[in-house]
Undergrad: 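Quick one: this structure, given as structure tokens, is what I'll be asking you about.
Side-chain atoms are counted along with the backbone in the values below, which use heavy atoms only and exclude waters and symmetry mates. Each residue takes its place number in the sequence, starting with 1.
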Amino acid sequence: MSYSREERLALCALLDKTGPDAPTLCEGWTTGDLAAHLVLREHRPDAAAGVTGGPLAGYTARVQQRIRARTPFPELVRTIRSGPPRLSVMALPGVDELANAVEFFVHHEDVRRAAPGWEPRELSSGESEMLWHRMRMARFMLRKAPVGVELARDDIGTDGGSPDGPSYRITARNATPAVTVVGSPAELTMWVMGRRTAARVRMDGTQPAVTKLAEANW
């Protein structure tokens with residue numbers, strides 16, 4: 001199952017409905033900006049290196065703005081829907097799934113959850129397991145968190161199932177005091193990726209530690 005392809009197509013279908021001016025959870029971005037970002041990421045490797053910040057961030061922002069201004073929104077959506085270009089590294093077998101499954105899940109939710117009245121989707125067990133497996137990225141994302149962080153999923157029994165079954169907890173940052181963030185793999189993914197106000201999670205710990213984590217920025 002290609003979850004990256006499923007989320008890509010679902011996002012594109014939603015973008016077709018919203019048009020280019022709908023809000024997203026990405027601060028300062030409309031759906032048009034988000035679409036330009038996704039096109040840049042797959043079709044402009046010279047500019048994609050600045051997506052996560054650093055010295056190339058300014059160049060990346062300028063290229064994204066040009067793509068947004070010069071390309072009609074329906075064409076941006078068609079480009080995203082068609083997938084990575086054939087000569088792209090992301091077109092290699094397995095790379096699209098590895099690089100894009102979480103990316104497109106999160107950006108799909110960025111559009112869904114920016115609209116009033118949203119509710120969590122019911123994901124397949126396979127997609128939930130994929131998101132939980134990728135949660136190892138949390139150790140990098142939360143490396144500067146001011147307290148220790150445990151991630152605990154609430155969609156399986158606390159015994160973690162069989163010895164070969166899914167695990168229940170991940171230590172994202174080993175420090176004391178620690179806060180346990182509880183939710184489904186989908187909600188924990190959104191929280192770890194910085195969409196904290198739109199992630200339905202629960203934080204367990206001492207009040208000072210919870211407050212520190214809630215106010216932190218990463």
Undergrad: Quick one: does Thr60's side chain have a donor or acceptor within less than 3.5 Å of a partner on Ala47's backbone?
TA: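 Yes; at least one donor-acceptor contact below 3.5 Å.
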
Undergrad: Could you tell me whether Arg8 and Glu103 have a side-chain N and a carboxylate O separated by less than 4.0 Å?
TA: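 Salt bridge absent between Arg8 and Glu103.
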
Undergrad: Looking only at heavy atoms, what is the nearest atom pair of Val210 and Asp204, with distance?
TA: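 Closest approach of Val210 to Asp204, heavy atoms only: CG2-C, 4.3 Å.
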
Undergrad: For His37 and Trp29, take the angle between the two ring planes, folded into 0 to 90°, and tell me which bin it lands in: parallel under 30, tilted 30 to 60, perpendicular over 60.
TA: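 Aromatic pair His37/Trp29 classed tilted.
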
Undergrad: Any donor-acceptor pair under 3.5 Å linking the side chain of Arg112 with the backbone of Glu119?
TA: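 Side chain of Arg112 to backbone of Glu119, a donor-acceptor pair under 3.5 Å: yes, one is there.
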
Undergrad: Between Asp155 and Ser184, is any side-chain donor less than 3.5 angstrom from a side-chain acceptor?
TA: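 Not at all, the side chains of Asp155 and Ser184 share no donor-acceptor pair under 3.5 Å.
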
Undergrad: Closest approach of Cys12 and Ile80, non-hydrogen atoms and distance?
TA: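 Scanning both residues, the minimum pair turns out to be SG-CG2, 3.6 Å.
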
Undergrad: Using a 3.5 Å distance criterion without hydrogens, assess whether the side chain of Thr180 forms a donor-acceptor pair with backbone atoms of Glu150.
TA: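 Not a single qualifying donor-acceptor pair exists.
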
Undergrad: Does Ile67 reach the side chain of His43, with side-chain heavy atoms less than 4.5 Å apart?
TA: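 Side chain of Ile67 against side chain of His43, heavy atoms only: no contact under 4.5 Å found.
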
Undergrad: Are Arg143 and Phe140 in a cation-pi setup, meaning NZ or CZ lies under 6.0 angstrom from the ring centre and within 45 degrees of the ring axis?
TA: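 Flagged: Arg143 positioned over aromatic ring of Phe140.
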
Undergrad: List the steps and the verdict of side chain to side chain contact (heavy atoms under 4.5 Å, CB included) for Asp154 and Glu187.
TA: CA-CA 10 Å; Asp154 63 3; Glu187 300 306 316; over 6 Å; no

Undergrad: Check the pair Val51, Leu40 against side chain to side chain contact (heavy atoms under 4.5 Å, CB included), reporting the backbone distance first and the verdict last.
TA: CA-CA 9 Å; Val51 164; Leu40 176 149; 4.0 Å; yes

Undergrad: Determine whether Val102 and Met137 make a side-chain contact, defined as any pair of heavy atoms from C-beta on separated by less than 4.5 Å.
TA: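 They are in side-chain contact.
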
Undergrad: Are Cys26 and Arg195 packed together at the side-chain level, in the sense that at least one heavy-atom pair is separated by less than 4.5 angstrom?
TA: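 Contact flag for Cys26/Arg195 side chains = yes.
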
Undergrad: Could you tell me whether Arg5 and Asp96 have a side-chain N and a carboxylate O separated by less than 4.0 Å?
TA: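 Asp96 and Arg5: not salt-bridged.
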
Undergrad: Do Leu98 and Met141 share a hydrophobic cluster, counting only Ile, Leu, Val, Met, Phe, Trp and Tyr and linking them when any side-chain heavy atoms are less than 4.5 Å apart?
TA: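 No, because Leu98 and Met141 fall into different hydrophobic clusters, even though each may have its own neighbours under 4.5 Å.
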
Undergrad: Which atom pair, heavy atoms only, marks the closest approach of Ala145 to Val149?
TA: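 Minimum heavy-atom contact is CB-CG2, 4.1 Å.
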
Undergrad: Going by heavy atoms in the side chains, are Met193 and Phe105 under 4.5 Å from each other?
TA: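 They are not in contact (no side-chain heavy atoms under 4.5 Å apart), so the answer is no.
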
Undergrad: Just list the side-chain donor-acceptor pairs under 3.5 Å for residues 81-92, sequence neighbours left out, or say none.
TA:
{"unit_1": "Arg81", "atom_1": "NH2", "unit_2": "Asp16", "atom_2": "OD2", "d": "2.7"}
{"unit_1": "Ser82", "atom_1": "OG", "unit_2": "Thr79", "atom_2": "O", "d": "2.7"}
{"unit_1": "Ser88", "atom_1": "OG", "unit_2": "Met90", "atom_2": "N", "d": "3.0"}

Undergrad: Working to the nearest 0.5 angstrom, can you tell me the gap between Leu56 CG and Asp46 CG?
TA: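 Answer for the CG-CG pair, Leu56 versus Asp46, is 9.5 Å.
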
Undergrad: Report yes or no: do Met135 and Phe104 belong to one cluster of Ile/Leu/Val/Met/Phe/Trp/Tyr joined by side chain heavy-atom distances under 4.5 Å?
TA: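 They do not share one cluster, since no chain of ILVMFWY contacts under 4.5 Å joins Met135 to Phe104.
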
Undergrad: I'd like to know if the side chain of Thr31 reaches the main chain of Ala22, judged simply by a donor and an acceptor atom lying under 3.5 Å from each other, with no hydrogens or angles considered.
TA: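 It does hold such a pair.
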
Undergrad: Taking the side chain as C-beta and beyond, is there a heavy-atom pair between Met203 and Thr211 under 4.5 Å?
TA: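 With C-beta onward as the side chain, the pair stays apart.
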
Undergrad: Do Leu123 and Leu14 share a hydrophobic cluster (ILVMFWY, side-chain heavy atoms under 4.5 Å, transitive)?
TA: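 In one cluster: no.
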
Undergrad: Let me check something: do Met130 and Leu151 share a hydrophobic cluster, defined by ILVMFWY side-chain heavy atoms less than 4.5 Å apart, either directly or through other members?
TA: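 Looking at the clustering, Leu151 is in the same group as Met130.
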
Undergrad: On a heavy-atom basis, which atom in Arg113 and which in Ala199 lie closest, and how many Å separate them?
TA: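 Shortest heavy-atom contact: NH1-CA, 4.0 Å.
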
Undergrad: Would Val179 and Ile170 show up in the same hydrophobic cluster when neighbours are defined by side-chain heavy atoms closer than 4.5 Å?
TA: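 Yes, it is one cluster - the side chains of Val179 and Ile170 are joined through contacts under 4.5 Å.
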
Undergrad: Work out which heavy atom in Gly28 is nearest to a heavy atom in Asp33; give both atom names and the distance.
TA: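 Where Gly28 meets Asp33 most closely, the heavy atoms are O-OD2, 3.8 Å.
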
Undergrad: Work out which heavy atom in Leu213 is nearest to a heavy atom in Val147; give both atom names and the distance.
TA: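 Closest approach of Leu213 to Val147: CB-CG2, 3.9 Å.
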
Undergrad: Tell me, do Leu15 and His107 make a side-chain contact under 4.5 Å, heavy atoms counted?
TA: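 The answer is no; the side chains never approach within 4.5 Å.
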
Undergrad: Thinking salt bridges, do Glu109 and Arg200 make one under a 4.0 Å N-O criterion?
TA: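 No salt bridge links Glu109 with Arg200.
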
